[in-house]
Amino acid sequence: MSERGGVRPTNEDACIVQPNLLAVADGMGGYAGGEVAARLALSAVCELEGQVVLGPQVVRQVFEQAHRRIQETSAREPRWSEMGTTLTVVWVENGRAFLGHVGDSRAYLLRDGSLRQLTDDHSVAAELVRNGTLTEQEARRHPHRHVLTRALGGAGTPDVDVAEIVLARDDRLVLCTDGLTTLLEPNELAECVMSARTPEEAAKNLVARASLADAPDNVTVAVGFVGEEDLEQEALPGAESS
Ligand code: MN
């Protein structure tokens, strides 16, 4: 689900929620370029729907494809020459989640009541936290907290973070743009997702919390609950566990 924030005239966020696929993108660039970049990135992701045999290599290819599409459109349209986007994607296949990530949108895993952030923010402030220059608290007020160090679009090839996670029963996956994480503390996010009965309810609750806080940015959330069908089938037919 995707909601418009209170201040920006257009929604520069976009998302995909499919049975095996969650993705969010937060675009940037003037003249609606952000919206275009986010949609171009997700169009590359969509082409993967229904395909099998995923691995880190395929995840990288999808990100490169998304990046090329944005570059090509930028080159054709001078008003979109500055556009770019974040992209965070999780594909679920055979008991595993394959994660691809560029930018400052986030993926979280909620397991057994505890929330784990699966992605690093690629922003100036977050890099300063990781190298010990800033504390988390200082980073929240840093003037460059929204300046990205990595994004799709622009010159060069993207440096994509790729990870693979073995899923467990009742895992809950949350992808969101910075519009949400600048407003909600991780414990509030965890509480919202834990108390929901369905992924839709979780996403609705998160967006509702953000709008209570008078969201200044677009807020986009994609939630998936891991079901029996997503887990690897380990037991052999007829095998019994004692
Ligand atoms: Mn944003």
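As the structure is a prediction and not an experimental result, all values here were calculated from the model. Ligands are counted one by one from 1 in listed order, and the atoms in each one are counted from 1 as well.
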Atom name of the N, O or S atom in [X] that lies nearest to the Mn ion (ligand 1):
X	result
Asp178	OD1
Asp217	OD2
Asp26	OD2

Report yes or no: does Glu12 have an N/O/S atom closer than 2.8 Å to the Mn ion (ligand 1)?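 Coordinating: no.
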
May I ask you to check if any N/O/S atom from Asp104 comes under 2.8 Å of the Mn ion (ligand 1)?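 False for Asp104.
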
Between Asn20 and Asp230, is a side-chain contact (heavy atoms from CB on, under 4.5 Å) present by the stated rule, with each step listed? CA-CA 8 Å; Asn20 297 320; Asp230 299 316; 4.0 Å; yes

For residues 147-195, the ring pair (Phe, Tyr, Trp, His ring centres under 6.0 Å) pairs (sequence neighbours left out) are none

For Gln137 and Arg140, test the side chains for any donor-to-acceptor distance below 3.5 angstrom and give the result as yes or no. no

Is it the case that the side chains of His122 and Thr149 hold a donor-acceptor pair, with the cut-off being a distance below 3.5 Å and no angle test?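 Note: Thr149 and His122 side chains miss the donor-acceptor criterion.
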
Results of ring-ring contact (aromatic ring centres under 6.0 Å, His included) for His67 - residues two or more places apart only: none

